[in-house]
Trainee: 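To start, I am sharing the structure in question, which I have written as structure tokens.
Note: hydrogens, waters and symmetry copies are ignored here, and every other heavy atom, side chains too, is used.
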Number of protein chains: 2
Amino acid sequence: MQMKTGVEQSVYAMLLLTFLPEKGVLPGEFISQQLGASPSYFQKLLRKLVSADLLISVPGAKGGFRLKASPETIRVFDIYEAIEGKQSLYASSGVFEDLMGIQNQNICLLSDLMTEAEQSWQSTLKRETIDSIRREIYLNCPPDHLTKLQSLIEEKMIRN
Amino acid sequence: MQMKTGVEQSVYAMLLLTFLPEKGVLPGEFISQQLGASPSYFQKLLRKLVSADLLISVPGAKGGFRLKASPETIRVFDIYEAIEGKQSLYASSGVFEDLMGIQNQNICLLSDLMTEAEQSWQSTLKRETIDSIRREIYLNCPPDHLTKLQSLIEEKMIRN
DNA sequence: GTACTTTTACTCGGATACCGTCTGTCCGAGTAATTATGG
DNA sequence: CCATAATTACTCGGACAGACGGTATCCGAGTAAAAGTAC
């Protein structure tokens, strides 16, 4: 049981996009290059983020991706859910309930506990936003490195 | 990302074993039959539980499995960890930290949050024990069904 | 009846096959900006 | 110079190959009780 690496990559992609000026977009290929991921696969992740209403995509020449909402409103959980899907971590088979002769469908000996555990896992991911991680970056990233990245992005980005 | 079905099956196997009288054991095949699982695979799960010090195994004729400790001391988390392993749900690649020029190894923008989320998930599983689930069974299971199961177990079990 | 051997019924643990999921690649289609072309 | 066509550079989404992990099966080895055998 391990989280898809796509979740981490997606979070980082969203973080990269926070450095974009208003109305700018970044091509998917540039983003995947920066994260060291394979472009053709990364496009699929980006499209999932578009489907989840986290990104806006602009087709055509000078097209690319941009955040749909402001970083303060994008929770880490939203990205997690967009990539991992909405299915819960635990699915009861109901075998044991059958064995015990428990008729009531609402009673599942384990899933109540599992559901509660998953909710407290998720609530932690709902607390943090892309913006709060971005603030961590500003605290820990060397300023010259940040300006270098910023200029690289402005060079590669496309206004429209 | 989904929990192994082996975790659920293992929890139920442990629950079955709580119905065993002192010094009795149940063969692995009987347990797997009751849970509707394939015997050859289920043996592997049981052995994992033995390795994790949750079960005691008795080899030879009249051999089988029995709980090592009392149900009050066995947490759901112990079973989860025995089957799923100790690896955490999230493993940082460090790619983004490299991109940001963050040298300090201790700083990982995402893993702090992920670690915290996983801990609150685990703490829920640590709270509940096999015994507390067993009490739920007594509340929700028809009494006649319980006595039927109890007598089946005492018929199939082996004293030594 | 006792000592020894064989059979039986389990666990143990490694080798291996199957299958679903995640990762990764490829390609045709759609879209829009840019460039080329024809009058 | 303007309108139209072709090219270019992206996204879109489906099809598909490969890798990996979880599930499942099998088998030989170890172990201990029971049954059989010899004296």
Side-chain angles (χ1 to χ4, degrees), chain A residues 1-10 13 17 23-33 35-52 55-66 68 80 82-85 87 89-91 93 95 156-160, chain B residues 1-10 13 17 23-33 35-52 55-66 68 80 82-85 87 89-91 93 95 156-160:
Chain A
M1 183 193 192
Q2 203 147 21
M3 198 184 234
K4 299 182 193 174
T5 63
V7 175
E8 182 192 18
Q9 295 173 319
S10 297
L17 289 170
K23 292 291 178 187
V25 294
L26 277 179
E29 194 173 347
F30 171 77
I31 303 176
S32 59
Q33 274 176 4
L35 299 181
S38 66
S40 49
Y41 175 62
F42 206 80
Q43 293 275 356
K44 305 187 81 167
L45 292 181
L46 291 171
R47 267 182 278 129
K48 278 193 179 180
L49 297 174
V50 172
S51 301
L55 292 185
I56 283 182
S57 65
V58 179
K62 301 212 171 187
F65 297 91
R66 148 175 73 233
K68 180 159 190 181
Y80 163 81
I83 303 300
E84 288 281 346
Q87 60 180 350
L89 299 182
Y90 170 77
S93 69
V95 178
K156 287 289 184 176
M157 86 162 186
I158 299 158
R159 262 194 195 81
N160 54 359
Chain B
M1 184 193 190
Q2 207 154 14
M3 199 184 233
K4 300 182 192 174
T5 62
V7 175
E8 181 192 20
Q9 294 172 319
S10 297
L17 289 171
K23 292 291 178 185
V25 294
L26 277 179
E29 193 172 348
F30 171 76
I31 303 175
S32 59
Q33 273 175 5
L35 300 180
S38 65
S40 51
Y41 175 62
F42 207 81
Q43 292 275 356
K44 306 188 80 166
L45 291 182
L46 291 171
R47 267 182 277 131
K48 277 193 181 182
L49 297 174
V50 172
S51 301
L55 293 185
I56 282 181
S57 66
V58 179
K62 301 214 168 183
F65 297 91
R66 149 177 70 234
K68 181 159 188 181
Y80 163 82
I83 304 299
E84 289 280 349
Q87 60 180 350
L89 300 181
Y90 169 77
S93 68
V95 178
K156 286 289 183 177
M157 87 162 184
I158 298 156
R159 262 193 196 83
N160 55 359

Trainee: Atom CD of B:Gln2 to atom P of D:dT23: distance rounded to whole Å?
Mentor: 11 Å
Trainee: With a 4.5 Å limit on heavy-atom distance, are the side chains of B:Met3 and B:Tyr80 in contact?
Mentor: yes
Trainee: Between C:dT25 atom P and A:Phe42 atom CZ, what is the distance in whole Å?
Mentor: 13 Å
Trainee: More than 12 non-hydrogen atoms from neighbouring residues, nucleotides or ligands closer than 6.0 Å to CD on B:Glu84, yes or no?
Mentor: yes
Trainee: Could you check how far OH of B:Tyr80 sits from C1' of D:dG22, rounded to whole Å?
Mentor: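 Going from OH in B:Tyr80 over to C1' in D:dG22 covers 15 Å.
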Trainee: With a 3.5 Å distance limit and no angle check, can you tell me whether B:Arg66 reaches the backbone of B:Ser57 through a side-chain donor-acceptor pair?
Mentor: no
Trainee: Is B:Gln87 close to A:Gln2 at the side-chain level, that is, under 4.5 Å between some pair of heavy atoms?
Mentor: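 With C-beta onward as the side chain, the pair touches.
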Trainee: Any heavy-atom pair between the side chains of A:Leu55 and A:Lys68 that's under 4.5 Å?
Mentor: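 No, side chains not in contact.
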Trainee: What nucleic acid atoms does B:Ser40 come within less than 4.0 Å of, heavy atoms only: base, sugar-phosphate, or nothing?
Mentor: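 B:Ser40: base contact, heavy atoms under 4.0 Å.
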Trainee: How many Å lie between NZ on B:Lys48 and C1' on D:dG21, as a whole number?
Mentor: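 Checked: the NZ to C1' distance equals 11 Å.
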Trainee: For each nucleotide in nucleotides 10-23 of chain C, reading 5' to 3', give B when a protein heavy atom comes within less than 4.0 Å of its base, S when such contact involves only the sugar-phosphate, and - otherwise.
Mentor: BSSB-B------SB
Trainee: Listed by chain and number, what are the side chain to side chain donor-acceptor pair (under 3.5 Å) partners of B:Ser40, not counting sequence neighbours?
Mentor: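 Once residues adjacent in sequence are excluded, B:Ser40 has no partner under the side chain to side chain donor-acceptor pair (under 3.5 Å) criterion.
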